[in-house]
Colleague: 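Structure incoming, see below.
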Amino acid sequence: MRALRGPGLYGQDVTSATHPLALAPVTAPASTVDAFVADFLHNLNFDRGVALSASSANDRYFALAHTVRDYLMARWLEDLRRQKETQAKGVCYLSAEYLLGRQLDNNLLACGLADTAKEALAACGVSLDEVRAHEVEPGLGNGGLGRLAACFIDSLATLGVPSIGYGIRYEYGIFRQTFVEGQQVEQPDAWLSLGSPWEFARPEDAQTIAFGGHTETYDDEGVTRSRWVPGWNVQAVPYNYMVPGYQNGRVNTLRLWSAVATKAFDLRIFNSGDYEEAVRAQTFAENISKVLYPEDSTPQGKELRLQQQYFFVAASIHDFLDNMLADGFDLAQLPERVIFQLNDTHPVIAVPEFMRVLVDERKLDWDAAWAITRQCFAYTCHTLLPEALEVWPVELLGRLLPRHLEIIYRINDEFLAEVRERYGDDEMRIRNMSIIAEHPVRSVRMAYLATVAGAKVNGVAELHSQLLRDKVLNDFDDFYPEKFTNVTNGVTPRRFLRLANPELSGLITEAIGDGWVTDLERLRELEPFAEDAGFRAAFAEVKAANKRRLNEVLRARDGFEVSDGHLLDVMVKRLHEYKRQLLKLLHVVGTYEGVVSGRVAASDVQPRTAIFGAKAAPGYAMAKRIIHLINAVGDVVNNDPRLEGRLQVVFPPNYNVTLAERVIPAADLSEQISLAGKEASGTGNMKFALNGALTIGTDDGANVEIRELVGDDNFFLFGMSEPEVQELSDRGYRPSEFYQADPELRAAIDLIASGAFSRGDRSAFEPIVSNLLYEDRFMVLADFASYIAAQKRVDAAYADQDAWARSAILNVARTGFFSSDRSIRDYIDRIWHTPPAF
């Protein structure tokens with residue numbers, strides 16, 4: 001039967017209560033080709049209102065998406081009902097980002113319907129490839145953080161763990177990147193312009209979210225209590241997305257919140273002729289969920305970011321407490337019912353909100369509420385950079401969320417009393433550990449609040465977790481040693497191997513069977529095949545086919561033509577100085593300079609294409625200059641006949657998940673070259689290794705674990721270790737000394753400074769050159785010589801294609817550890833204690 005209205009999150013009937021079929025079970029459609037054809041045409045005719053002969057590409061995409069959705073819906077509703085009934089412990093994953101990628105192929109795979117859909121559409125004269133190409137991916141994340149969240153909710157469903165992902169339904173996601181004269185220009189990412197067939201709007205489940213105002217005390221039957229008297233509010237309207245497990249019948253939920261005004265339109269003011277004022281409240285409210293990460297270099301931008309963060313966590317907490325708990329639920333049992341996982345510092349304002357709800361609204365005693373809170377939250381830290389640990393000025397937080405600031409002050413007072421009790425009046429320790437920072441302005445340190453409140457704090461790679469304990473939160477590790485643990489990140493093999501690399505997936509399945517998709521450690525069974533010449537040849541052909549496919553995509557998408565026979569050298573990640581795209585670029589410039597100066601014959605250069613993919617935050621001036629320089633170098637290098645076509649730079653704009661699924665399987669070399677001690681983990685490094693690319697990298701983040709697993713012979717290690725970085729910093733790093741001592745480095749930097757890549761304009765990239773010579777915070781120059789030596793080892797290794805294929809196969813075989821399924825099992829064992837349910 002077909003639903004008469006969209007489903008709710010909590011297992012309500014999807015039919016009208018008075019309809020004669022209201023009590024009938026919701027069943028999935030039959031999965032035959034004929035049945036699929038019938039459902040597809042039904043959706044095209046009755047949902048889209050068009051005949052097949054008159055349908056547009058968007059009509060066909062929506063009809064197909066709704067058809068696939070129908071196959072998931074029965075199980076989704078049943079899982080929601082049973083979760084409400086059993087009250088099994090579940091995970092509420094709070095994340096400001098979910099970089100989902102396209103949903104159609106993932107959902108077809110989860111249902112096991114890819115072949116059925118292809119055959120059914122072909123019977124209708126429709127190409128599945130053409131339909132899938134029409135999908136616009138939702139850009140609801142910036143990079144690794146959002147992609148990790150998407151991997152984790154996929155694995156939670158695949159492992160059968162009850163969970164809800166909570167986030168924001170940004171009207172415009174991460175900006176669409178274009179290049180104008182080589183410089184980044186940001187354009188709105190209007191991913192909803194044609195609608196989204198995967199979401200279910202639930203305006204009847206909207207939450208009212210308050211801001212501003214003041215607090216007051218009152219007498220509540222002899223008990224003095226506080227309450228918040230807000231100044232204004234908005235509505236948080238939820239949109240539900242299904243999150244299917246891989247062919248296991250489990251369907252979890254992603255719930256994203258959209259902001260609307262509580263009083264959107266004033267007819268009286270409109271009729272008076274003041275049209276802008278009539279909709280001012282609507283415009284103001286909708287700004288909250290308008291854009292992912294609004295530029296926050298202005299006070300207004302900072303305030304909007306805090307509004308966003310509070311908006312979605314407050315809606316999520318109320319949603320769970322109001323709607324997911326059984327009637328009469330004993331709040332003291334909440335730790336047995338839910339764990340709220342804080343994905344970085346963005347959702348940490350959930351801690352005082354949870355306390356406010358328990359104390360002010362549910363009337364619990366403070367100590368009882370705090371005991372519950374400290375068991376219901378866990379915090380994942382995703383950085384080692386102090387500037388990435390959010391702080392909020394007390395003035396702003398108190399103005400926007402006055403009751404929450406009071407609660408934070410009390411949490412801090414009680415915490416510091418515990419510190420004094422243990423350590424005495426150690427004023428420096430107390431200042432260092434206080435949730436409230438006094439300088440440069442009085443601020444709330446959100447990472448500290450999360451650490452004090454959380455049951456567990458985890459890093460995301462072994463090295464990162466150790467540095468977190470030793471350096472970033474070392475005082476807290478001394479105070480709460482039992483709180484700290486590690487969960488190394490992982491990626492979902494469904495999207496980043498099974499979907500992104502179907503040829504390699506087929507080769508693996510032919511060799512070891514198909515169980516590896518949900519048990520990635522089974523890739524170890526591939527190791528003996530690395531010694532099989534026939535398998536190596538087949539593996540090399542898969543890589544060549546993936547390169548051809550990428551070339552077709554880049555040609556159609558951006559007009560690039562990648563030369564055959566080149567080593568594909570790939571660096572795709574967020575543009576940040578610590579990730580050191582400049583180091584990769586200096587290698588390119590140094591190679592180019594060697595040829596044009598006559599020091600190196602072009603024929604001696606290993607044919608190589610360097611592919612960059614990166615977006616810079618709109619307000620990050622240096623990162624945008626680096627993008628400009630990469631494009632400028634590419635313009636010169638790609639058009640200089642002296643290179644004989646042996647060196648190429650390709651920088652496709654608007655790198656996203658869809659493009660990643662083509663770039664990663666084609667790569668030969670994965671660039672993971674951050675300064676040691678700066679990258680928390682990385683997940684791109686895992687995706688590349690799983691797809692048969694060899695890594696050139698520092699001992700940083702998860703690179704350490706990758707190298708240990710694949711072996712030194714199958715990894716190109718270079719650069720200082722983290723202790724060596726610290727030693728050089730303590731000694732006093734002088735980048736100009738490295739510049740003077742290394743002729744190759746000096747020649748590369750001088751060539752940039754000369755204006756060779758800017759039509760003779762020596763000032764164009766002077767800020768980059770000066771930064772390298774006089775500051776170089778991330779020690780690009782110090783690691784340059786080691787990096788170049790490692791690249792020479794790459795050239796020598798790539799010259800033996802058969803040996804390279806062997807190493808690539810071993811990379812695939814030995815990196816099954818990096819499945820997000822394993823990461824989630826670690827969270828379950830070490831933090832959540834949420835076993836699979838039904």
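As the structure is a computational prediction, the values presented were derived from the model and not from experiment. Counting begins at 1 with the first residue of the sequence. Computed from heavy atoms alone, side chains included, the values below leave out hydrogens, waters and symmetry copies.
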Colleague: Show your reasoning for whether side chain to side chain contact (heavy atoms under 4.5 Å, CB included) applies to Val359 and Trp370.
Modeller: CA-CA 9 Å; Val359 173; Trp370 184 233; over 6 Å; no
Colleague: Taking all non-hydrogen atoms of both residues into account, name the closest pair between Pro352 and Ile407 and its distance.
Modeller: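 Heavy atoms only, the tightest pair is O-CD1, 3.6 Å.
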Colleague: Quick check on Glu421: does its CD atom have over 12 non-hydrogen neighbours (other residues, nucleotides or ligands) under 6.0 Å away?
Modeller: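 Atom CD in Glu421 is not crowded, with 12 or fewer foreign heavy atoms closer than 6.0 Å.
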Colleague: Quick one: ring pair (Phe, Tyr, Trp, His ring centres under 6.0 Å) partners of Tyr293, sequence neighbours excluded?
Modeller: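 Partners of Tyr293 by the ring pair (Phe, Tyr, Trp, His ring centres under 6.0 Å) criterion, ordered by chain and then number, come out as His346.
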Colleague: If only side-chain N and O atoms count, and only distance matters, is there a donor-acceptor pair under 3.5 Å linking Thr262 with Asn233?
Modeller: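 There is such a pair (donor and acceptor under 3.5 Å, judged by atom type) between the side chains of Asn233 and Thr262.
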Colleague: Does NZ or CZ of Arg255 lie under 6.0 Å from the centre of the six-membered ring of Tyr166, at an angle within 45° of the ring axis?
Modeller: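 Arg255 over Tyr166 ring: no.
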Colleague: Would you say the ring centers of Trp228 and His404 fall short of 6.0 Å from each other?
Modeller: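 Yes: the rings meet the under 6.0 Å criterion.
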Colleague: Measure the CZ-CG distance between Arg337 and Leu321 for me, rounded to the nearest 0.5 Å.
Modeller: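 If I round to the nearest 0.5 Å, the distance is 10.0 Å.
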Colleague: Under the ring pair (Phe, Tyr, Trp, His ring centres under 6.0 Å) test against Phe479, which residue among Phe415, Phe484, Tyr448 passes?
Modeller: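 The passing option is Phe415.
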Colleague: Which residue is it: Asp219, Asp360, Asp220, Asp365? I am looking for the one with a salt bridge (charged side-chain N to carboxylate O under 4.0 Å, His left out) to Arg225.
Modeller: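 Going through the options one by one, the only one that passes is Asp220.
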Colleague: Under the 3.5 angstrom rule, does the side chain of Gln309 hit a backbone N or O of Ala96 as a donor-acceptor pair?
Modeller: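 Checked: no pair found.
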Colleague: Going by the salt bridge (Lys or Arg N to Asp or Glu O under 4.0 Å) test, which pairs reach into residues 209-218, not counting sequence neighbours?
Modeller: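 Sorted pair list: Glu216-Arg227.
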Colleague: Report yes if the side chains of Thr253 and Phe200 come closer than 4.5 Å at any heavy-atom pair, otherwise no.
Modeller: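 Contact flag for Thr253/Phe200 side chains = no.
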Colleague: Taking Thr683's backbone N and O only, do any of them form a donor-acceptor pair with Asn489's side chain (distance below 3.5 Å, no angle check)?
Modeller: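 Answer holds: no.
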Colleague: Salt bridge check: are Arg356 and Glu353 linked by an N-O gap of less than 4.0 Å?
Modeller: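 Salt bridge flag = yes for Glu353 with Arg356.
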Colleague: Are Tyr827 and Phe152 close enough that their ring centres sit under 6.0 Å apart?
Modeller: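 Between Tyr827 and Phe152, the centre distance is under 6.0 Å.
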Colleague: A cation-pi test, strictly: NZ or CZ of Lys483 under 6.0 Å from the centre of the six-membered ring of Phe476 and no more than 45 degrees from its axis. Yes or no?
Modeller: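 Geometry flag: not set, cation outside 6.0 Å or 45°.
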Colleague: Rounded at 0.5 Å granularity, tell me how far CG in Leu325 sits from CD in Gln87.
Modeller: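 Between atom CG of Leu325 and atom CD of Gln87 there are 6.0 Å.
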Colleague: Would the distance check show the side chain of Asn252 and the main-chain N or O of Val161 forming a donor-acceptor pair, the cut-off being under 3.5 Å?
Modeller: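 Yes.
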Colleague: In terms of ring plane angle, is the pair Tyr310 and Phe211 parallel, tilted or perpendicular, where the classes change at 30° and 60°?
Modeller: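 Correct class here is perpendicular.
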Colleague: For Glu406 and Arg403, run salt bridge (charged side-chain N to carboxylate O under 4.0 Å, His left out): C-alpha distance rounded to whole Å, both residues' side-chain angles, the deciding distance at 0.1 Å, then the answer.
Modeller: CA-CA 5 Å; Glu406 291 179 353; Arg403 178 60 178 142; 3.0 Å; yes
Colleague: To the nearest 0.5 Å, what is the distance between NE2 on His382 and CG on Leu148?
Modeller: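 If we round to the nearest 0.5 Å, His382:NE2 and Leu148:CG are 5.5 Å apart.
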Colleague: Is any NZ, NE, NH1 or NH2 atom of the basic residue among Glu395 and Arg399 found under 4.0 Å from an Asp or Glu carboxylate oxygen of the other?
Modeller: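 Salt bridge present between Glu395 and Arg399.
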Colleague: Can you see which heavy atom on Thr834 is nearest to which on Ile828, and at what distance?
Modeller: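 Looking at all heavy atoms of both residues, the shortest contact is O-CG2, 3.7 Å.
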Colleague: Taking all non-hydrogen atoms of both residues, which atom of Pro393 and which atom of Ser443 are closest, and how far apart?
Modeller: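 Smallest heavy-atom distance, with atoms named: CA-OG, 3.8 Å.
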Colleague: Check the side chains of Gln341 and Thr380 for a donor-acceptor pair under 3.5 angstrom, ignoring hydrogens and angles.
Modeller: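 Yes, a side-chain donor-acceptor pair sits under 3.5 Å.
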Colleague: I want to know whether Tyr93 and Phe340 have ring centres closer than 6.0 Å.
Modeller: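 Judged by ring-centre distance (under 6.0 Å), Tyr93 and Phe340 do not meet the cut-off.
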Colleague: Go through the side-chain N and O atoms of Trp191 and Ser196 and say whether any donor and acceptor fall under 3.5 Å apart.
Modeller: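 Trp191 vs Ser196: no donor-acceptor pair found between side chains.
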Colleague: Can we call the ring centroids of Phe354 and Phe377 under 6.0 Å apart?
Modeller: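 Between Phe354 and Phe377, the centre distance is under 6.0 Å.
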Colleague: Taking the side chain as everything from C-beta on, heavy atoms only, tell me whether Val251 gets closer than 4.5 Å to Val243.
Modeller: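 SC-SC contact between Val251 and Val243 ruled out.
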Colleague: When rounded to the nearest 0.5 angstrom, what is the spacing between CD1 in Ile174 and CG in Leu140?
Modeller: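 These two atoms lie 10.5 Å from each other.
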Colleague: Would you call Arg202-Glu204 a salt bridge at under 4.0 Å N-O?
Modeller: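 Result for this pair is yes, salt bridge flagged.
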Colleague: Looking at Trp366, is Arg410 sitting on its ring face, NZ or CZ under 6.0 Å from the six-membered ring centre and within 45 degrees of the normal?
Modeller: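 Yes, a cation-pi geometry holds between Arg410 and Trp366.
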Colleague: Keeping Thr298 on the side-chain end and Gly301 on the backbone end, is there a donor-acceptor pair under 3.5 Å?
Modeller: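 Judged by distance alone, yes, a pair lies under 3.5 Å.
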Colleague: Between Glu171 and Ser289, is the side chain to side chain donor-acceptor pair (under 3.5 Å) condition met? List the steps.
Modeller: CA-CA 6 Å; Glu171 183 178 346; Ser289 58; over 6 Å; no
Colleague: Measuring from atom CG of Leu331 to atom CZ of Arg362, what distance do you get when rounded to the nearest 0.5 angstrom?
Modeller: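 So the CG of Leu331 and the CZ of Arg362 are separated by 5.5 Å.
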Colleague: For Val260 and Glu286, work out which heavy atoms get closest and say how close.
Modeller: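 That would be CA-CG, 4.3 Å.
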Colleague: Might you point out which heavy atoms bring Asn486 and Ser465 nearest each other, and give the distance in Å?
Modeller: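 Looking at all heavy atoms of both residues, the shortest contact is OD1-OG, 2.6 Å.
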Colleague: Does Asp79 offer a backbone N or O that forms a donor-acceptor pair with the side chain of Lys84 under 3.5 Å?
Modeller: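 Not at all, since once roles are kept as given, no pair shorter than 3.5 Å links the two residues.
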Colleague: Which pair of non-hydrogen atoms, one from Ala332 and one from Ile372, has the smallest distance, and what is that distance?
Modeller: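 That would be CA-CD1, 3.9 Å.
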Colleague: Go through the steps to decide whether Tyr170 and Trp257 satisfy the test ring pair (Phe, Tyr, Trp, His ring centres under 6.0 Å), and finish with yes or no.
Modeller: CA-CA 8 Å; Tyr170 303 100; Trp257 300 97; over 10 Å; no
Colleague: Within this structure, what is the CG-CG distance for the pair Leu358 and Leu334, rounded to the nearest 0.5 Å?
Modeller: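 If we round to the nearest 0.5 Å, Leu358:CG and Leu334:CG are 7.0 Å apart.
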Colleague: Considering only NZ, NE, NH1 and NH2 on the basic side and carboxylate oxygens on the acidic side, decide whether Glu186 and Lys615 come within less than 4.0 Å.
Modeller: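 Not counted as a salt bridge, because no side-chain N and carboxylate O are separated by less than 4.0 Å.
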Colleague: If you define the side chain from C-beta out and look only at heavy atoms, does anything of Leu467 sit under 4.5 Å from His464?
Modeller: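 Leu467 vs His464: side chains apart.
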Colleague: Yes or no on side chain to side chain contact (heavy atoms under 4.5 Å, CB included) for Asn412 and Ser434, after CA distance, side-chain angles and deciding distance?
Modeller: CA-CA 7 Å; Asn412 192 50; Ser434 176; 3.1 Å; yes
